[in-house]
Amino acid sequence: MSDKRRRVNSKGEVSYQVRFIDKSKKSGFGYKSFKRAKDADLFKAKKDLEETQLSHSHLPKISVPEAIEKWLNICEKVGRDGREPVEQMTLVEYERRAKIMNQYAWSKPANELSASDIVHFRSWLLENHSRDLARRTLSSFGSVLKEMAIQGYIASNPATGISIRSDGRYETYSAEITIPSDREVQAILETTQALKSKSKLFEKAWRRYRPMILLIVFAGLRMSEVRGLSWSSVHRNRIEVKQRADKLGIIGPVKSRSAYRTIELSSKVTDELFEWREHCPATEYDLVFPTKTGRPIMLNNFYLDAWRPLMRYAGLMIRDANGGDQKAAYAPHALRHYYASKLIEMGKDIKFIQTRMGHSNSQITLDVYGHLMKDREAEHQATADELASELL
């Protein structure tokens, strides 16, 4: 692209010089000077347009729907940007976003799109879809264009730097998560133990369900990680998180490289895991919590058969927003939040918490749990005062 430079001569006179690509010159560049910045800007814009058109002229013309279809195929069969092929549930979500992308009236082929075209698409998304879905769809469209640039179908990615922010004026307050109290978690754990003693049928079921609950409370595992856990990853004082089971019950690697982690556990927890192992059926996938057929427990079945009854017996049911049927006061994921909150309460640093939670970076940890750390400001102030009193 061309560039504009401000020049001042020995007499103090100001001019504006535009340097542009000129293949006829030995240096490969041509120069033109203007007295007014406005004229220089117009000339620069003209040269930039000529260069863009020239860079597009040698590229194969590809429509936006064709680019989206190629991106989906790459995601499914090869893996985008050098990554592994995406999981089935991720592909289903990408296909949903692709359908939205294709609903937009694209007036240009993909290799002629400019940043302004992406901005117009962004406006259309926000006008026709929820902010969250618009943000995710725009992000995926940026991935489409990035992959097309890598594959040589377009000269550059015009979506770079164009996004939809997920936060807002009240983001700090609206994004705060709901975490069960110590008393409520204690009630949950006591209820899991009580249900094991309720009857032979309950004992058989909760011999398996109770260790699942313990792994969320005391290791902060995601439900997908609990459902996909293998016995080879369970040790006397720790577990290794290596794989997960998606919503379709397909076993695959964990969400990201940072989600591969080792978590130390109390022997009280691992003892219950090994107690369950004596009754656990052997399966092809070596799963810790398999179904009768040896497959991972489906999330919806866990919710209906275990979680909802558990919440009811623990007295943690609430009316829905319309005052209708009762629902569980918390989702299973709330116990993972509880685990993180206890790490914060114990004064663990943000890097330690990030690693234990399997977050890809500490900013995610701060975004989710940062509000819990505000309560420690007085403690930090006391520490600062104590240090100063010793040295000053």
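This one's a predicted model, so the numbers in the text were calculated from it and none came from an experiment.
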Subject >> With R312 via salt bridge (Lys or Arg N to Asp or Glu O under 4.0 Å) - residues at least two apart >> reply: none
Subject >> Presence of salt bridge, E13 and K11, under 4.0 angstrom >> reply: no
Subject >> Closest non-hydrogen atom pair between D22 and S24, with its separation >> reply: OD1-OG, 2.5 Å
**OP:** Answer yes if Y94 and I250 sit in the same cluster of Ile, Leu, Val, Met, Phe, Trp and Tyr residues linked by side chain heavy atoms under 4.5 Å apart, and no otherwise.
**Re:** no
Original post:
Can you tell me how far CD of Q151 sits from CD1 of I74, rounded to the nearest 0.5 angstrom?
Top reply: 4.0 Å
**OP:** Can you tell me which residue pairs pass the side chain to side chain donor-acceptor pair (under 3.5 Å) test with a partner in residues 257-271, sequence neighbours excluded?
**Re:** E225-R261, S256-S258, E264-R356
Original post:
Are R135 and D132 within salt-bridge range, i.e. N to O under 4.0 Å?
Top reply: yes
**OP:** Answer with yes or no after comparing the ring centroid distance for W106 and F141 against a 6.0 Å cut-off, counting only values under it.
**Re:** yes
Original post:
When the ring planes of F289 and W276 are compared, do they come out parallel, tilted or perpendicular, using 30° and 60° as the limits?
Top reply: parallel
Original post:
Using 4.0 Å as the upper bound for N to carboxylate O, is an ion pair formed by E66 and K70?
Top reply: no
Subject >> Hydrophobic cluster of Y285, others only, ordered by chain and residue number, side-chain cut-off 4.5 Å >> reply: I251, L287
Subject >> Co-members of V14 in a cluster of I, L, V, M, F, W and Y side chains, linked at under 4.5 Å >> reply: V8, Y16
**OP:** Compare all side-chain heavy atoms of Y209 with those of F302 and state whether any distance is below 4.5 angstrom.
**Re:** yes
Subject >> Nearest-0.5 Å distance, CD of residue E76 to CD of residue E95 >> reply: 7.0 Å
Original post:
Would you say Q243 and S230 make side-chain contact, with heavy atoms under 4.5 Å?
Top reply: yes
Would you tabulate the side-chain donor-acceptor contacts of residues 190-198 under 3.5 Å, counting partners in other chains and residues two or more places apart, or write 'none'?
{"unit_1": "E190", "atom_1": "OE2", "unit_2": "Q186", "atom_2": "NE2", "d": "3.2"}
{"unit_1": "T191", "atom_1": "OG1", "unit_2": "A187", "atom_2": "O", "d": "2.6"}
{"unit_1": "T192", "atom_1": "OG1", "unit_2": "L189", "atom_2": "O", "d": "2.6"}
{"unit_1": "T192", "atom_1": "OG1", "unit_2": "R210", "atom_2": "NH1", "d": "2.7"}
{"unit_1": "Q193", "atom_1": "OE1", "unit_2": "R210", "atom_2": "NE", "d": "3.1"}

Original post:
Would you find a donor on one side and an acceptor on the other, under 3.5 Å apart, between the side chain of R336 and the backbone of G220?
Top reply: yes
**OP:** With rounding to the nearest 0.5 Å, note down the distance linking CZ in R122 to CD1 in I162.
**Re:** 6.5 Å
Subject >> Smallest separation among heavy atoms of Y339 and I216, with atom names >> reply: CB-O, 3.9 Å
Subject >> Nearest non-hydrogen partners of P309 and D305, listed with the distance >> reply: CG-O, 3.6 Å
Original post:
Is the H129 ring parallel, tilted or perpendicular to the W124 ring (thresholds 30°, 60°)?
Top reply: perpendicular
Subject >> Contact check, side chains of T283 and T291, non-hydrogen atoms, under 4.5 Å >> reply: no
Subject >> Sequence-distant partners of K204, side chain to side chain contact (heavy atoms under 4.5 Å, CB included), two or more places apart >> reply: none
**OP:** Would you check if the side chain of N102 reaches a backbone N or O of K99 as a donor-acceptor pair within less than 3.5 Å?
**Re:** no
Original post:
Ion pair present between R136 and E93, side-chain N to carboxylate O less than 4.0 angstrom?
Top reply: no
Subject >> Step-by-step side-chain hydrogen bond (donor to acceptor under 3.5 Å, both in side chains) determination, E184 to Y330 >> reply: CA-CA 10 Å; E184 289 171 325; Y330 302 101; 2.6 Å; yes
Subject >> P180 to Y338 - nearest heavy-atom pair and separation >> reply: O-CD1, 3.4 Å
